[in-house]
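Worksheet: the structure to be examined is printed underneath.
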Amino acid sequence: VLSAGGLGLAGLLLDSRTWAAEFIEFPFANGRREVVTNFPQKGAMILQRTRPPLLETPFEVFDRGVFTPNDRFYVRWHLASIPTTIRPDEFRLKVHGHVEQPLTLSLHDLVHDFPAFDIAAVNQCSGNSRGFFNPRVTGGEWDNGAMGNALWRGVRLKDLLDRAGVSAGAIQVRFRGLDSGVLAQTPDFMKSLAVDHARDGEVMIAYEMNGEPLPLLNGFPLRLVVPGWYATYWVKMLADIEVLDGPDQNYWMSKAYLIPDTPGANITPGQKDVKMVPINRMVPRSFFTRPTEGTAVKRGQAVSVRGIAFGGDTGVAKVLVSTDTGRHWQEARLGTNHGKYSFRQWDLPLRFASAGPQTLMVKAVNTAGAEQPEQPNWNGGGFMRNVIESISLRVS
Amino acid sequence: MRVGRCIEGFYALAGLWLALAPPLRAQTAAGAEHSEIRWSKVSVQLPMSVTQFPAGEGADIANSQCLICHSAGMVLRQPAQTPAQWQATINKMRVVYGAPLPADEVEALAGYLSNLSLDGTAATLARMNLAEEPRTGSAAQDGAEVFAAHCAACHQVDGTGIPGAFPPLAGSNWVNGRDATVVQIVLRGVQGALTVNGVEYNGAMPEFGSQLSDARIAAVLSYVRGQWGNKGGPVGAALVRTQRAATLTRSAPWNGEADLAKMH
């Protein structure tokens, strides 16, 4: 019943009542985490919280391919009343509010009445890498694994909205899933997009992820996909779409997931009177996946350095690597282009002439010319980290 | 594709890696793809957490309040925070999420959480992380564990509830009453006025019908009806199954006493 997935079984302690697999240590204070395999439809995942589930993707998964397997894709829920049984024949998606003709669609309707649409897109938590903020901030204390890339298949939101007929004066479109809070007073998790964004022909409702139905914890049967935008908008178990004729004032839009309206959402800790706006477009990032931090390499030997990158809200133009702490940058080779919202693999062969510690840095530049900053950003929410990444090798 | 500084052998290998295909579905005509989708019912069990907060002054508040809505893991993995920072978080839980924490306990809870996270010794951290070991599926049938994971946060470990917010289960006229009625309470939840042992409550209990199997609901009700002097008697999974079937289309919680008193 229990599968250890790609983990070595060594060190796996198993008895009839409790079991702890491996631990990993994130490189920040209070960074010890369990790796568990007991969540449904999930392989080995890093446990951040059991209820409601917060599960991080172990970083080595990103070295194995450009698409993140469904059973290793990270999980993040806000509210603990999550339906654990979904009957597809009974499920309905409603489109209502400021529309000419409200819709109630079965999954069969959705698949058969609208053209299928495919898009590869990165889903990244707003607070991915929050554990690295300095000074530290509260929230899910993620390493870099609160992200994933998938090939999403479903229908364009535009096609649904056109079928319903958006009425004149519509401002936003609000999305709600089947989850709810334990207490009656807890606000339902709802997110909204501007009506023009909702109708841009890229925002879509996914019923497949990497060619399979979505795992329940990733939003089965339907999930909103908002390419290029942070995952807070990608509402899981999507069941309700409401067209609004005014700005959404609900808690999750007006109070939560706000960022400083400054370049890079960057402020000085303690800075006051900053205008705050809802988080929105992603920014470029790139990572080393191999070799990993602290790897020993031989002097003069060719080392295959590789990783993944994404451009944020547009494609990757180039990935640059520095071996001299940022004075000079070499352009890496880019892998197959799966579309501008996808992870892109990169690689670069390097040789190191002298023994000792060797720092490598990587940065992505996107097709709009935005590149990763040298200094990390800071804000109280721990959002939008995208500083240049570095690793250190040991050359001997 | 740019190929600079090329080392032939290297790129031959690296190219293999870059070519690793995505898990693409079979390419077929659009119409055929539509008919390929076969939807099946998905039913899962989520692991339960039975972690309690580490002992210390204020731990009882954390256990009775925080665990209502979430397990302890994310709290225990926070960086060090001052009491003032924790007070801000706790007040958000009260004001936004509706945590039934009395205002005069905020300071004590903030002090407890602040001491917890500021004590960064390896032993404490290890204990805190180890504390949230998930349980195996085989233990899930155990009523005591279901109770600890899903009920104790509100109704408390000793079944005494929280005055003014959550009714007691110990000695409750409902718990010890008609079995089918308590099954319905757990299956569909309750919202609105409900008198328990002569005291009126006006709260909300979530439904567990979509989260717990018939066997687990039977197990937890059998546990509750046999604890703390209760004499309600065990509940069988068969009863839960028939009660579930009888109210399958109901999505709203029962309207307090108005609905529950009519069941017979």
Side-chain angles (χ1 to χ4, degrees), chain A residues 1 16-20 29-30 32-34 36 38-41 47-54 65-67 80-81 83-88 107 111-112 115-116 136 138 140-141 151 181-187 210-211 216 220-221 251 302 304 306 331 333-336 338 345 347 349, chain B residues 1-5 7 10-11 13-14 17-20 22-25 30 33-34 37 39-49 68-71 73-74 77-81 85 89 96-99 117 120 125-126 129-130 132-139 191 203-204 206 210-211:
Chain A
V1 179
S16 63
R17 299 282 297 176
T18 65
W19 59 288
N30 201 5
R32 193 157 204 240
R33 302 287 185 271
E34 275 173 84
V36 299
N38 63 335
F39 280 80
Q41 304 171 301
L47 180 67
Q48 297 273 13
R49 183 176 67 193
T50 302
R51 168 182 173 262
L54 293 189
V66 78
F67 289 97
S81 284
T84 51
T85 298
I86 301 283
R87 292 179 178 79
L107 292 171
V111 172
H112 289 264
R136 295 286 296 272
T138 54
E141 300 298 327
L151 183 62
V182 174
L183 300 168
Q185 301 95 311
T186 303
N210 295 327
L216 184 132
F220 181 85
Y251 169 76
S304 158
R306 67 193 197 187
E331 194 165 343
R333 182 174 71 155
L334 298 180
T336 306
H338 294 282
Q345 290 175 321
D347 70 336
Chain B
M1 181 179 292
R2 292 179 62 93
V3 182
R5 294 171 300 283
I7 301 173
F10 167 80
Y11 271 133
L13 284 170
W17 177 71
L18 289 170
L20 278 178
L24 284 175
R25 67 203 324 284
E33 282 172 5
H34 287 175
I37 296 180
W39 294 98
S40 353
K41 178 181 134 178
V42 172
S43 192
V44 303
Q45 283 196 356
L46 297 179
M48 297 182 294
S49 168
I68 294 170
C69 292
H70 55 78
S71 59
M74 186 165 152
R77 293 176 174 100
Q78 291 305 302
Q81 297 285 309
Q85 287 171 312
T89 300
V96 177
Y97 296 89
S117 49
L125 296 179
N129 281 305
L130 277 166
E132 195 164 50
E133 284 168 12
R135 300 303 176 108
T136 60
S138 64
Q191 188 157 10
S210 68
Q211 301 182 51

Quiz prompt | Closest non-hydrogen atom pair, A:Ala184 against B:Gln191 | solution =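 So the two residues come closest at CB-NE2, 3.9 Å.
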Is the backbone N or O of [Y] less than 3.5 Å from a side-chain atom of [X], with the two atoms forming a donor-acceptor pair by type?
{"X": "B:Ser71", "Y": "A:Arg51", "value": "yes"}
{"X": "B:Arg77", "Y": "A:Glu141", "value": "no"}
{"X": "A:Asn30", "Y": "B:Pro79", "value": "no"}

Quiz prompt | Side chain proximity check, A:Pro88 to B:Lys41, heavy atoms < 4.5 angstrom | solution =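 They are in side-chain contact.
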Quiz item: Hey, does A:Pro52 have a side-chain heavy atom less than 4.5 Å from the side chain of B:Cys69?
Solution: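 In short, these two side chains do not touch, never coming nearer than 4.5 Å.
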Quiz item: Can you name the residues that form a side-chain contact (heavy atoms from CB on, under 4.5 Å) with A:Pro221, not counting sequence neighbours?
Solution: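 Testing A:Pro221 for side-chain contact (heavy atoms from CB on, under 4.5 Å), a comparison that skips the adjacent residues, returns A:Ile86, A:Phe91, A:Leu107, B:Trp39.
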Exercise. Would you kindly say whether A:Thr85 and B:Ser43 are connected by a side-chain donor-acceptor distance under 3.5 Å?
Key: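 Yes, because at least one side-chain N or O of A:Thr85 sits under 3.5 Å from a partner of the opposite role on B:Ser43.
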Quiz item: From A:Leu216 CG over to B:Leu46 CG, what is the distance, rounded to the nearest 0.5 angstrom?
Solution: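 Atom-to-atom, A:Leu216:CG and B:Leu46:CG are 7.0 Å apart.
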Exercise. Identify, with sequence neighbours excluded, every residue that meets side chain to side chain donor-acceptor pair (under 3.5 Å) alongside B:Gln85.
Key: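 If we apply the side chain to side chain donor-acceptor pair (under 3.5 Å) test to B:Gln85, skipping adjacent residues, the hits are B:Thr82.
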Quiz item: When you look at A:Leu183 and B:Tyr97, which way does the side-chain contact (heavy atoms from CB on, under 4.5 Å) test go after all the steps?
Solution: CA-CA 7 Å; A:Leu183 300 168; B:Tyr97 296 89; 5.6 Å; no
Exercise. Tell me, with the steps shown, if A:Gln41 and B:Val42 meet side-chain contact (heavy atoms from CB on, under 4.5 Å).
Key: CA-CA 10 Å; A:Gln41 304 171 301; B:Val42 172; 4.1 Å; yes
